[in-house]
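All values below come from the heavy atoms of this structure, side chains included, with hydrogens, waters and symmetry mates left out. In each ligand, atom 1 is the first atom listed, and ligand 1 is the first ligand listed.
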Amino acid sequence: MKKLSGISWRDFKALPLLEKGDYFQGTPPHTLIAQQFTREKLQELCALATRIKRINKRRDGANFLKTLLCDKRAMLYFAQPSSRTYLSHNAACQILGLDTMDVRDSKTSSEVKGESPEDTIRTFSSYADMIIMRHPVGGFAERVAWMLAHTNREIPVLNAGSGADQHPTQALLDIYTLERSFEKIGGVDGKNIVFVGDLMRGRTVRSLAWMLSLYKDVKLYFVAPEPLQIGQDILDLLDAAGTKYVVTQDFASTMPIADAIYMTRIQDEWDAEGESSTIDTSAFSIGAEHMDIIKDTTAIMHPLPRRKEISTDIDNDPRAVYWRQMRNGMWIRAALILTTFGRQDEVNQYYDNYKPGA
Ligand code: CP
């Protein structure tokens, strides 16, 4: 087992993503990048999420779940805006009995008095047993985990979005949504997944695209205006994994073959000078006029928030799964948190004994 405490920050930072993952599996485990996951681990988490969801439906089951981590506290440190990721992590903690504390704006922490982000995190670790964090600086969550590994209080770190680069827990809920959407039509293997929008700065796409490379014969379509196309670094990872992909601006041609269409908004919060506003994105949206072109089984997804790339006209179409996708985040994050503390066997045992209905 490779330990974060046994490597310098400089050497760690220089490692390829796939090698970094080996450092996050120890005690405590950290969830920092999509590339640390195996397919086996994804399936384990998806199965556990469904069990938690079913157990939670009954009052006695919900009470049982609340006992599991009632001795733990989680710190939610969100230095960037969030609705879904913050709330679903908070709800996941509540389901498992963890108390939560939060800082949702660095301006309300002692960082405004000049405290470094590193000292701020160390302060959090004095009171909490886990840090769930979103930060605008790419790689900062990794830095936090590395830094805590060099203190006497290394607690698990969950990356809830970092820079324009990684959003591993969003990718988990996306995988869970795809698994559930394709449950009755042969699973995720062999499916065509179409990503649309701002793929260059969409951290959800970057994390999910790599996770999909763990599946057999999936084909990924990256549909975006040229300046917003997916990064070469992700394409290199897909090449190394042998995953087939197409890079195109032609959304219409991908619609009839898509098993999932993953829409994204323009991430103009990363603009230097409003440059996104000059890009014509009108051909990168979906609405009622497209519903006859796509398959009856196509899953239309979006990490949300949306702007105009998905028309509200299709919100009630059974293929529009983005609201379900959002709720799935709560269950898969509960599974992840439970696994982080190594308590998943108790849920599996409870489920096998009581077999709560689907
Ligand atoms: N999908 C997502 O990260 O949404 P929020 O920014 O609302 O958390």
Measuring from each atom of ligand 1, which residues have a heavy atom under 4.0 Å away?
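Within the 4.0 Å shell of ligand 1, which is judged on heavy atoms, sit S82, S83, R84, T85, R134, H167, Q170, P303, L304.
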Check whether any side-chain heavy atom of I230 lies under 4.5 Å from a side-chain heavy atom of M200, and answer yes or no.
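I230 does not reach M200 side chain to side chain.
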If we count only N and O atoms by modelled type, under 3.5 Å, do the side chains of Q170 and T204 hold a donor and an acceptor together?
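Looking only at side-chain atoms, T204 and Q170 do not form any donor-acceptor pair under 3.5 Å.
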Summary of ring pair (Phe, Tyr, Trp, His ring centres under 6.0 Å) pairs that have at least one residue in residues 244-285, sequence neighbours excluded
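Counting only pairs at least two positions apart or across chains, the ring pair (Phe, Tyr, Trp, His ring centres under 6.0 Å) contacts touching residues 244-285 are F195-Y262.
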Testing Q166, H167, Q35 for side-chain hydrogen bond (donor to acceptor under 3.5 Å, both in side chains) with S207, which one passes?
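So the option named by the test is Q166.
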Could you list the residues that satisfy side-chain contact (heavy atoms from CB on, under 4.5 Å) with L87, not counting sequence neighbours?
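Here no residue qualifies.
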Going by the rule ring pair (Phe, Tyr, Trp, His ring centres under 6.0 Å), which residues pair with Y86 if we only count those two or more places apart in sequence or in a different chain?
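Per chain and number, Y86 pairs via ring pair (Phe, Tyr, Trp, His ring centres under 6.0 Å) with F78.
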